[in-house]
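Reviewing the structure listed below.
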Amino acid sequence: MQSSKSLTRDFFARPTLQVARELIGTRLVHLENGRRIAGYILEAEAYIGEADQGCHARAGRTKRTAVMYGQPGFTYVYFTYGMHWLLNLVTEEEGFPAAVLIRSIWSSESVDLISSRREGVPPARWTDGPGKITQAFNIDGSLNGIDVCAPGAEIFLEEGVSIPDSIVTKTPRVGLNSVPEPWKSIPWRFLTQGAALQEILAEDK
DNA sequence: AGCACGATTAACT
DNA sequence: GTTAATCGTGCTC
């Protein structure tokens, strides 16, 4: 049974680890020319404050990181490796820089459009990486710093399915190869997978 | 002004 | 397992 209730600012104005965990199972929606492109978030990572040496805010407030210092519930979309856009959602109170990186999604709406943007790729690989998500959902820097809690927002989140703790795994974050400990290994990545998850998704028709 | 590198991906051996 | 692609950002000179 699908719920269409949108996540409000209160959801994002909380500790980042809690937001990252609870985003698992919610639906990300990109309203593109009025058409819904959507899917269930399966993997997310927390980036928390200037002390976190894996977080971009370790460099302090710059033009790029400014949005992380702003209100929770805004997008932080940045460009990396010269070719990929990555989508984050800003968390915690205004003034404290933190965000959640959306790393993996199970595509559920406008799959024909997603398929065409991921030509030759099997469905399970359409959106199983942060750069793949933005490619499939057509998200880029023009959508940086938008309020996902505003009525009619182009990007927003909806209550989706309930994912029990028994099928949520916590691991170190991915790709922080030159980040010092303890930040490199701290388990701030949340993901869900497996047969039990597939059953939950299959029942949400 | 120059430089090293990255919250990645796809295509290799 | 390794590596190229490709460019904005932040740091150093």
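Just so we're on the same page: letters track the sequence lines, and every chain starts at 1. Everything numeric in this text was worked out from a predicted model, so none of it was measured.
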message: For a quick test of reading the model, state the closest non-hydrogen atom pair linking A:V67 to A:Y76 and the distance between them.
response: CG1-CD1, 3.4 Å
- prompt: Looking at side-chain heavy atoms only, is the closest gap between A:C55 and A:M68 below 4.5 Å?
  reply: yes
message: Counting the atoms with a prime plus P, OP1 and OP2 as sugar-phosphate, which does A:N177 contact under 4.0 Å by heavy atoms, base, sugar-phosphate, or nothing?
response: nothing
- request: Considering just the side-chain nitrogens and oxygens of A:S178, establish if one lies under 4.0 Å of OP1 or OP2 belonging to B:dG6.
  value: yes
task: Identify the two heavy atoms, one from A:S185 and one from A:P172, that lie closest to each other, and give their separation to 0.1 Å.
output: O-CG, 3.4 Å
field: Check: A:S4/A:E158 side-chain N/O donor and acceptor closer than 3.5 Å
entry: no
query: Roughly how far apart, to the nearest Å, are C:dT6 and B:dG2 at atom P?
result: 22 Å
task: Verify whether one side chain among A:S108 and A:R27 offers a donor that lies under 3.5 Å from an acceptor in the other.
output: no
- request: Can you see which heavy atom on A:T192 is nearest to which on A:L197, and at what distance?
  value: O-CD2, 3.7 Å
- request: Grab the CG-P distance between A:L23 and B:dA7 for me, whole Å please.
  value: 20 Å
message: Rounding to an integer number of angstrom, what distance separates C:dT3 and B:dC5 when you compare their C1' atoms?
response: 16 Å
statement: Letter by letter from the 5' end, nucleotides 2-13 of chain C scores (B base, S sugar-phosphate only, - none; protein heavy atoms under 4.0 Å) ---BBBSSSS--
task: Calculate the interatomic distance between A:R173 atom CZ and B:dA7 atom C1'; express it in whole Å.
output: 8 Å
query: A:E32: what forms a side-chain hydrogen bond (donor to acceptor under 3.5 Å, both in side chains) with it, not counting sequence neighbours?
result: A:R117, A:N138
task: Would you write the dot-bracket representation of DNA chain B, where each base gets (, ), [, ], | or . depending on whether it forms a Watson-Crick or G-U pair under 3.5 Å and with which partner?
output: ||||||.|||||.
- request: Any chance you could lay out the salt bridge (charged side-chain N to carboxylate O under 4.0 Å, His left out) test for A:E45 and A:R173, step after step, and finish with the verdict?
  value: CA-CA 6 Å; A:E45 287 176 352; A:R173 295 170 293 182; 5.6 Å; no
- prompt: What are the two closest non-hydrogen atoms of A:A136 and A:W126, and how far apart are they?
  reply: CB-O, 4.3 Å
query: Looking at residues 114-131 of chain A, who's got a heavy atom less than 4.0 Å off DNA chain B?
result: A:R118, A:G129, A:P130, A:G131
field: Neighbours of DNA chain B within residues 139-149 of chain A, by heavy-atom distance under 4.0 Å
entry: none
message: Are there over 12 heavy-atom neighbours, none belonging to A:R125, within less than 6.0 Å of that residue's CZ?
response: no
task: Using a heavy-atom cut-off of under 4.0 Å over every strand shown, decide if A:L86 touches base, sugar-phosphate, or nothing.
output: sugar-phosphate
- prompt: Between the main-chain N or O of A:T16 and the side-chain N or O of A:E92, is there a donor-acceptor pair closer than 3.5 Å?
  reply: yes
query: Under the ring pair (Phe, Tyr, Trp, His ring centres under 6.0 Å) test, which residues partner A:W85, sequence neighbours left out?
result: A:F79
- line: Smallest heavy-atom separation, A:V148 atom then A:F156 atom, equals O-CB, 3.5 Å
- prompt: If we require ring centres under 5.5 Å and near-parallel planes under 30°, does A:Y78 stack on B:dA7?
  reply: no
